[in-house]
Amino acid sequence: MTSRATALPHSRLRSSGGTPIVGTVTRGTTNPNRLRRMDRWIAATHGAALRRSADAVAVDLGYGAAPWTAVELLGRLRTVAPRARVVGVEIEPARVAAARPYEREGLVFRHGGFEIPIPQRPLLVRAANVLRQYDEDEVAGVWERLCARLAPRANGSGGGLLVEGTCDEIGRRHVWVALGPEGPRTVTFATRLGSLERPSDLAERLPKALIHRNVPGEPVHAFLRDFDRAWAAAAPYASYGARQRWMRAVRDLTADWPVTDGPVRWRQGEVTVRWAALAPRF
């Protein structure tokens, strides 16, 4: 993966071992059940890889002021991969101290940042609502560093997975990028369909790499425009419910956009598109 910006923000903090911590302290706002849509997708698409691994380590990077998302991630992963372990990583030492009472078998908390202070190469790194507070030109460098920490491709496996994105405060609307060791692969749009007026409502939750690119001439803008048109054309299906309307609109999108999933995921209020089709033009 080629980075457009290699300079990364460094905090003034150091780990307990003296290693410089890469990143800056963010607001840390969080709510229980906020990341359920992302977790559900991870379990469905990456659960088999976690299940096959003898050391299935997942990292909840930047879990925030409370440890709820890390606790929930462990529970959701263990429904598909019973041996999965979760490490919550936070750059603010006080947040790590506050989370320690929640440690248990399979769940620990560590002080750190984008360097990911664990000895293993994780099979999963989830970074939700972290890069939202960084500058756009810092994203590529962060992605490159995190992808370099993922478990490599081996014996036909796709290697580790980085899932980075943004959601609203209660998790109704969420957009994330999935990246492998080689770089970005897909973009997923996920929503509570009853809250949606049109698909472009999700634009406000685009991850940092795309949110400033929702302008004419950029692929993500064209995608959301076409999605709104397909949604409008599917209006007759609204009488059968928002889910049927969404599924019809997504099916129509597949004629012009490289949608990578199918009806099973569409029924969940999701659609996943290849990154190359939505990537910024420059």
Side-chain angles (χ1 to χ4, degrees), residues 9-16 19 21-43 46 50 56-81 84-118 120 122-134 142 146 149 161-177 188 190-192 195 204-208 211:
H10 287 261
S11 75
R12 296 180 180 177
L13 301 171
R14 289 183 177 269
S15 68
S16 57
T19 303
I21 292 176
V22 182
T24 57
V25 177
T26 57
R27 289 192 297 270
T29 54
T30 189
N31 282 306
N33 216 28
R34 185 182 187 185
L35 302 183
R36 61 194 180 278
R37 300 183 193 282
M38 181 183 276
D39 290 352
R40 182 173 62 198
W41 182 87
I42 290 169
H46 201 53
L50 291 163
V57 176
V59 172
D60 185 13
L61 180 61
Y63 57 82
W68 318 135
T69 62
V71 173
E72 292 165 353
L73 180 61
L74 178 65
R76 288 165 183 153
L77 291 184
R78 286 202 162 176
T79 64
V80 294
R85 296 184 291 124
V86 171
V87 180
V89 174
E90 245 299 332
I91 200 167
E92 171 54 65
R95 296 173 186 170
V96 180
R100 287 267 161 79
Y102 293 88
E103 290 187 340
R104 60 176 186 264
E105 187 276 323
L107 177 65
V108 296
F109 296 92
R110 295 288 181 265
H111 179 214
F114 297 135
E115 78 288 350
I116 306 184
I118 62 173
Q120 304 93 337
L123 266 177
L124 172 70
V125 175
R126 185 188 67 182
N129 303 303
V130 174
L131 295 187
R132 185 81 167 187
Q133 297 168 57
Y134 286 79
V142 172
L146 293 177
R149 290 287 287 121
L161 190 71
L162 165 63
V163 183
E164 187 273 307
T166 306
C167 68
D168 66 4
E169 289 74 11
I170 58 175
R172 293 173 305 172
R173 298 173 183 174
H174 209 154
V175 187
W176 60 81
V177 181
T188 298
T191 186
R192 180 179 180 273
S195 71
E204 65 184 18
R205 297 302 163 185
L206 287 168
K208 195 68 176 189
I211 193 165

Heavy-atom pair of closest approach, residues [X] and [Y]:
X: Ala58; Y: Leu77; result: CB-CD1, 3.7 Å
X: Pro101; Y: Ala98; result: CD-O, 3.3 Å
X: Val175; Y: Pro207; result: CG1-CD, 3.6 Å
X: Val59; Y: Pro122; result: CG2-CB, 4.0 Å
X: Leu123; Y: Ala56; result: CD1-CA, 4.1 Å
X: Gln120; Y: Arg149; result: O-NH2, 3.4 Å

Between [atom1] on residue [X] and [atom2] on residue [Y], distance to nearest 0.5 Å:
X: Glu204; Y: Asp168; atom1: CD; atom2: CG; answer: 7.5 Å
X: Asn129; Y: Met38; atom1: CG; atom2: CE; answer: 7.5 Å
X: Thr69; Y: Asp60; atom1: OG1; atom2: CG; answer: 3.5 Å
X: Lys208; Y: Leu131; atom1: NZ; atom2: CG; answer: 9.0 Å
X: Leu146; Y: Glu115; atom1: CG; atom2: CD; answer: 9.5 Å
X: Leu61; Y: Arg126; atom1: CG; atom2: CZ; answer: 10.0 Å

Evaluate the criterion side-chain contact (heavy atoms from CB on, under 4.5 Å) for residue pair Leu73 and Leu35; output intermediate values, then yes/no.
CA-CA 9 Å; Leu73 180 61; Leu35 302 183; over 6 Å; no
Looking at side-chain heavy atoms only, is the closest gap between [X] and [Y] below 4.5 Å?
X: Val142; Y: Val130; result: no
X: Arg34; Y: His174; result: no
X: Glu164; Y: Val125; result: no

Mark yes or no for whether [X], through its side chain, and [Y], through its backbone, hold a donor-acceptor pair below 3.5 Å.
X: Arg110; Y: Ile118; result: no
X: Glu72; Y: Asn33; result: yes
X: His111; Y: Ile91; result: yes
X: Arg37; Y: Arg173; result: no
X: Arg85; Y: Leu74; result: no
X: Arg205; Y: Arg172; result: no

### Message
How about CZ on Arg192, more than 12 heavy atoms from neighbouring residues, nucleotides or ligands closer than 6.0 Å, or not?
### Response
no
Which of Trp68, Phe109, Tyr102 passes ring-ring contact (aromatic ring centres under 6.0 Å, His included) with Tyr63? Answer is Phe109
Between Tyr134 and Phe114, does the ring centre distance come in under 6.0 Å?
yes
Sorted by chain and residue number, the salt bridge (charged side-chain N to carboxylate O under 4.0 Å, His left out) partners of Glu90 (sequence neighbours excluded) come out as Arg95
